[in-house]
2 protein chains.
Amino acid sequence: MKIPELQGHVDGMLLAVLSDGPLHGYGMAEELRRRSGGEFDLAEGTIYPALHRLESAGLLTSRWEVVGGRRRRVYALSNSGKAAAVDRRTTWLAFRCAVDAVFGGEALEAG
Amino acid sequence: MKIPELQGHVDGMLLAVLSDGPLHGYGMAEELRRRSGGEFDLAEGTIYPALHRLESAGLLTSRWEVVGGRRRRVYALSNSGKAAAVDRRTTWLAFRCAVDAVFGGEALEAG
DNA sequence: TCTTCATACCTAGACAGTCTATACATAAGT
DNA sequence: ACTTATGTATAGACTGTCTAGGTATGAAGA
């Protein structure tokens, strides 16, 4: 999939991944790739700025970790991040519903 | 709904609307608003450039029409536009499926 | 008559977020 | 030594939506 249509959905998906527990950026990229069946293979230039944005917005907190001699920045949801994660899922559902309605009814169960 | 997440989906939705027959830009905006239950209220600065893009790409053809003293530009799908409309729907389905998978399984039937 | 609203199109520039390309660094395998 | 995988980061390009402004007609109401 070519990915400009990701616009506006990346943040929500990152929050969704972090809802299952703290993780570092590289790990989130892997998890996104895994969950989406390879569909979403985020560029580094996408994921790191997104995480910084989210942290600036107070939705994430981070701490440095060293594992096997390599350092990682591990992110976790703040309280407002948890709320945002729920909110983003709701937004996605509404968006999905609206787009489905535009594309028309019948053939959509095939998704 | 705030609409940056529309990015990349507008073209497909316009093609979807035109799959039901020729229509002019203003009418498409109305139809999009109607089908989406008011969710998608496209700015004119969004819809007209999008239509021009689509026509430049050879997916649409247009002709001027005068109705009640007002002129309209009526768009219709070209042959490649029809193919693109099908393709875009398929792309949307794949995208939807992938995002759903990222957001996690259970609660998604609620959409 | 004048104003306002709905219809109808258009565009320049702002803006936001993704992508490309590059850089740095460690560990493990060949 | 070299490559691959892990891991983070940023500048600048790019794309597409949004803001805000413009043009124009017709109908309704003050």
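Throughout, protein chains are lettered first and strands after them, A, B, ... in sequence-line order, and every chain is numbered starting at 1. Please read these numbers as outputs of a predicted model, since none were measured by experiment. These numbers come from the heavy atoms of this one structure, side chains and all, not from hydrogens, waters or symmetry mates.
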### Message
If you take any heavy atom closer than 4.0 Å to DNA chain C, which residues from residues 43-57 of chain B end up in contact?
### Response
B/Glu44, B/Gly45, B/Tyr48, B/Pro49, B/His52
### Message
Heavy atoms within less than 4.0 Å of DNA chain C: which residues of residues 24-33 of chain A have one? Give them sorted by number.
### Response
none
### Where at least one partner belongs to residues 72-84 of chain A, residue pairs that pass salt bridge (Lys or Arg N to Asp or Glu O under 4.0 Å), sequence neighbours excluded
none
### Task
Write out all pairs satisfying salt bridge (Lys or Arg N to Asp or Glu O under 4.0 Å) with one or both partners inside residues 45-61 of chain A, taking only residues at least two apart or from two chains.
A/Asp11-A/Arg53
For nucleotides 24-29 of chain D, tabulate all protein N/O to nucleotide N/O atom pairs closer than 3.5 Å, reporting atom names and distance.
unit_1 : atom_1 : unit_2  : atom_2 : d
D/dT25 : O3'    : B/Gly69 : O      : 3.4
D/dT25 : O2     : B/Arg70 : NE     : 3.3

Salt bridge (charged side-chain N to carboxylate O under 4.0 Å, His left out) against [X], all qualifying residues, sequence neighbours excluded:
| X | answer |
| --- | --- |
| B/Arg33 | B/Asp41 |
| B/Arg70 | none |
| B/Glu44 | none |
| B/Glu30 | none |

### Query
In degrees rounded to 10°, what angle is found between the helical axes fit to the five outermost pairs at each end of the helix from C/dT1-D/dA30 to C/dT30-D/dA1?
0°
### Task
Only counting residues at least two apart or in another chain, list the ones meeting side chain to side chain donor-acceptor pair (under 3.5 Å) with B/Thr46.
none
### Query
So which pairs with a foot in residues 17-26 of chain A pass side-chain hydrogen bond (donor to acceptor under 3.5 Å, both in side chains), sequence neighbours left out?
A/Asp20-A/Arg35
